[in-house]
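One structure is given here, and the rest of the page talks about it.
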Amino acid sequence: MSEHEAHLRDAVALAQDNVAEGGSPYGAVIVKDGVVLARTVNTIHRTNDPTDHAEMVALREASRRLGSRDLAGCVVYASGQPCPMCHAAMRLSGIREGYFGYTAEEADRYGMATAGIYAELCKPLEEQPMRLRQIRPDDREPPYAAWREQRNKS
């Protein structure tokens, strides 16, 4: 069995254990240079935090352990295809490699909604079910230039 398969099997086992405890069927493992930094599950059922997906919990744990928000070089193993939020968070953290066991379409057959969200996000804003509209303050400059200036000072 390859290292990738072993970590993926671990993520799936975590998901199965989480279901037995009343949680959602998602587990995640993050590894860097052969060291497991995080082994987590979806904890929404415990915290009522809708962002506590297994991958998000794992990203937080790995960031704490490394003392950095930059997770470049880490590999994510997820029991199921990461949702758009988790996928984006992985990219924003610098992760460039991940593996998952089951597709979003497979999960949808059992009542999950990830594949539908991916499809909705591909539509123009005005066609998405959640209303999201820009209201640009006329008298304010965007904060991005100040942010870049602060970064350049560091």
Side-chain angles (χ1 to χ4, degrees), residues 1-123 125 128-130 132 142-144 146-154:
M1 175 183 329
S2 74
E3 179 183 347
H4 293 310
E5 187 177 347
H7 292 306
L8 189 57
R9 284 179 177 271
D10 188 23
V12 171
L14 288 166
Q16 290 170 326
D17 290 346
N18 200 43
V19 168
E21 294 176 14
S24 298
Y26 295 104
V29 177
I30 296 183
V31 178
K32 184 172 185 179
D33 300 326
V35 176
V36 175
L37 298 175
R39 294 177 71 249
T40 64
V41 295
N42 180 308
T43 58
I44 294 171
H45 65 291
R46 292 185 211 141
T47 65
N48 293 317
D49 180 340
T51 69
D52 277 355
H53 292 197
E55 299 91 339
M56 298 295 284
V57 176
L59 290 171
R60 292 176 189 126
E61 177 63 23
S63 293
R64 277 192 292 273
R65 288 202 53 197
L66 292 174
S68 175
R69 63 182 175 207
D70 182 2
L71 300 181
C74 290
V75 179
V76 174
Y77 300 90
S79 59
Q81 183 176 355
C83 75
M85 173 184 67
C86 294
H87 188 144
M90 290 162 53
R91 293 282 309 273
L92 289 168
S93 73
I95 290 174
R96 295 293 178 252
E97 185 177 2
Y99 301 88
F100 61 90
Y102 305 99
T103 67
E105 291 77 16
E106 288 174 289
D108 278 6
R109 284 186 241 146
Y110 295 93
M112 308 315 255
T114 304
I117 294 171
Y118 267 115
E120 289 169 358
L121 290 174
C122 291
K123 295 179 180 181
L125 285 178
Q128 294 181 20
M130 184 183 97
L132 184 61
Y144 310 120
W147 173 80
R148 183 178 57 204
E149 190 174 311
Q150 284 292 344
R151 283 192 63 182
N152 289 340
K153 290 180 183 178
S154 302

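Nearest heavy-atom pair, E3 versus G34, reported as atom, atom and distance to 0.1 Å: OE2-CA, 4.0 Å.
Contact check for T114 versus P84: side-chain heavy atoms found under the 4.5 Å cut-off. Using a 4.5 Å heavy-atom threshold, the side chains of H4 and E97 count as touching.
For R65 (side chain) and V36 (main-chain N/O), a donor-acceptor pair under 3.5 Å exists by modelled atom type. Not one N or O on the side chain of R60 forms a donor-acceptor pair closer than 3.5 Å with the backbone of E55.
With a 6.0 Å radius and a threshold of 12 heavy atoms from other residues, nucleotides or ligands, Y118 has its OH atom above the threshold.
Between the side chains of T103 and E106, at least one donor N or O sits under 3.5 Å from an acceptor N or O. H7 and Y99 are not linked by any side-chain donor-acceptor pair at a separation below 3.5 angstrom, with hydrogens and angles left out of the test.
A salt bridge links R64 with E61: at least one charged nitrogen is closer than 4.0 Å to a carboxylate oxygen. Using a 4.0 Å cut-off between charged nitrogen and carboxylate oxygen, E5 and R9 count as a salt-bridge pair.
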### Task
Output, in order, the C-alpha distance, side-chain angles, deciding distance and verdict of side chain to side chain contact (heavy atoms under 4.5 Å, CB included) for Q128 and L125.
CA-CA 5 Å; Q128 294 181 20; L125 285 178; 4.0 Å; yes
### Message
For I117 and M85: C-alpha separation, side-chain torsions, deciding distance, then whether side chain to side chain contact (heavy atoms under 4.5 Å, CB included) applies.
### Response
CA-CA 10 Å; I117 294 171; M85 173 184 67; over 6 Å; no
### Full working for side chain to side chain contact (heavy atoms under 4.5 Å, CB included) between C86 and V76
CA-CA 11 Å; C86 294; V76 174; over 6 Å; no
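Here CD of E21 is found 5.5 Å from CZ of R46. Values are rounded to the nearest 0.5 Å. The OG atom of S93 lies 10.5 Å from the CG atom of L66; values are rounded to the nearest 0.5 Å. For the atom pair CE (M90) and CG (L71), the distance works out to 10.0 Å, reported to the nearest 0.5 Å.
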